[in-house]
Amino acid sequence: MSDEDITLTAGDAEVTVQPGNGGRVGGLRIGGVELLRQGERFGCFPMVPWCGRTRDGRFLDGAEVRQLPLNAPPHAIHGTVRDRAWRTARTSTDEAVLTCELVEPWPHPGLVTQVVALTEDALTLTMSVETYQSSFPAQIGWHPWFNRNLGGQDVTLDFDPAWQEERGDDHLPTGNRLDPKPGPWDDCFGMPGGVEATLTWPGQLELKVTSGEEWVVVYDEQQEAVCVEPQTGPPNGLNTLPHLVTPLEPLEATTTWSWRRL
């Protein structure tokens, strides 16, 4: 199937999926109101096979040190698939299944699958990484850009993390854990019971971001948007908390955005 944009609908919710632009969700409209920041680099893109920054673009792969392109010097950021065209495996009115092969510059062959499923009051994203050959460390995450303002008051963000990862001058976690500090943030937080964050546009809409994963990066330093990014490990996690993908054990994660009108 082609990599043309796909429109999903359920009730008054409408989602645009963009296989040709990194497999991202390009838009989420509720009653005609767009919740995601628009633009080629925005929407909500999948972060695979790592999330956030990998220090100096290097990670330990078994006994070998691998070097990734430094697309956010001096680091490598957000994986390799957000700049590639994905393949549409199948679609229906309210669901799309996309796939993307892991190829160079990632050193191991693998397959990423993303399922985008829409209901009248929720959007669920599920992603998996699998290999049929050599095992490798990997991470999964999503990077949504929610519009700060929908035409009324600015959004508020409510979440209750157990800790905040201390951030070094290089924007990477130092390994120390802190009591959560007030924003603005470009920071990683731990939520061992699972990610749960509520974005509220007063008088308009409440949206909950949930995931069974225990890591979330919050980025709200830009005026236009607020990012709440569930992921399977912290930034630089290929080095500090790698998940090993093996032929018998793929890596899978899910996030759900559910909403209600106010």
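Sequential numbering from 1 along the given sequence is applied to the chain's residues.
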When you measure from the side chain of [X] to the backbone of [Y], do you find a donor-acceptor pair of N or O atoms at a distance under 3.5 Å?
| X | Y | value |
| --- | --- | --- |
| Arg53 | Ala72 | no |
| Asp186 | His171 | no |
| Gln139 | Gly233 | yes |
| Asp170 | Leu172 | yes |

Report yes or no: do [X] and [Y] form a side-chain donor-acceptor pair below 3.5 Å?
| X | Y | result |
| --- | --- | --- |
| Ser92 | Asp94 | yes |
| Thr99 | Thr113 | no |
| Glu221 | Tyr219 | no |

Over all heavy atoms of both residues, which pair between Thr240 and Pro235 is shortest? Give the atoms and the distance, please.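 Between these two residues, the closest heavy atoms are OG1-O, 4.4 Å.
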Check Leu262 against Trp201 and note the closest heavy-atom contact, atom names and distance.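 Closest approach of Leu262 to Trp201, heavy atoms only: CD1-O, 3.8 Å.
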Hey, is Arg177 close enough to Glu165 for a salt bridge, meaning N to O under 4.0 Å?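 Salt bridge: yes.
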Assess whether a salt bridge exists between Lys208 and Asp158, defined as any Lys/Arg side-chain N lying under 4.0 Å from an Asp/Glu carboxylate O.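 No, this pair does not count.
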Got more than 12 heavy atoms from elsewhere within 6.0 Å of CG, Asp160?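 No, not enclosed.
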Is Glu249 atom CD crowded by more than 12 heavy atoms from other residues, nucleotides or ligands, each under 6.0 Å away?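 Open: at most 12 neighbouring heavy atoms sit under 6.0 Å from CD of Glu249.
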Minimum side-chain heavy-atom gap [X]-[Y] below 4.5 Å:
| X | Y | value |
| --- | --- | --- |
| Arg84 | Val112 | no |
| Asn71 | His78 | no |
| Pro137 | Asp61 | yes |
| Leu205 | Val33 | no |
| Thr16 | Arg29 | yes |
| Ile30 | Asp12 | yes |
| Leu157 | Phe146 | no |
| Pro49 | Leu102 | yes |

Ring centre gap for Trp215 and Trp163 strictly below 6.0 Å: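 Yes, close enough.
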For the aromatic rings, using the six-membered ring if either is Trp, is the centroid distance between Phe136 and Trp50 under 6.0 Å?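 No, the ring centres sit 6.0 Å or more apart.
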Indicate, with yes or no, if Leu199 and Val217 share a hydrophobic cluster defined by side-chain heavy-atom contacts under 4.5 Å among Ile, Leu, Val, Met, Phe, Trp and Tyr.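 In one cluster: no.
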Do Leu68 and Val129 sit in one hydrophobic cluster, given that two such residues count as connected whenever their side-chain heavy atoms are within less than 4.5 Å of each other, even indirectly?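 Yes: a chain of side-chain contacts under 4.5 Å links Leu68 to Val129.
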Could you check whether the rings of His143 and Phe45 sit parallel, tilted or perpendicular, using 30° and 60° as the cut-offs?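 Plane angle under 30°, so parallel.
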Under 30°, 30 to 60°, or over 60°: which ring-plane class applies to Phe59 and Trp106, parallel, tilted or perpendicular?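 Rings of Phe59 and Trp106: parallel, under 30°.
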Passes side-chain contact (heavy atoms from CB on, under 4.5 Å), Arg90 versus Glu95? Steps please. CA-CA 8 Å; Arg90 66 178 187 273; Glu95 184 178 87; 4.2 Å; yes
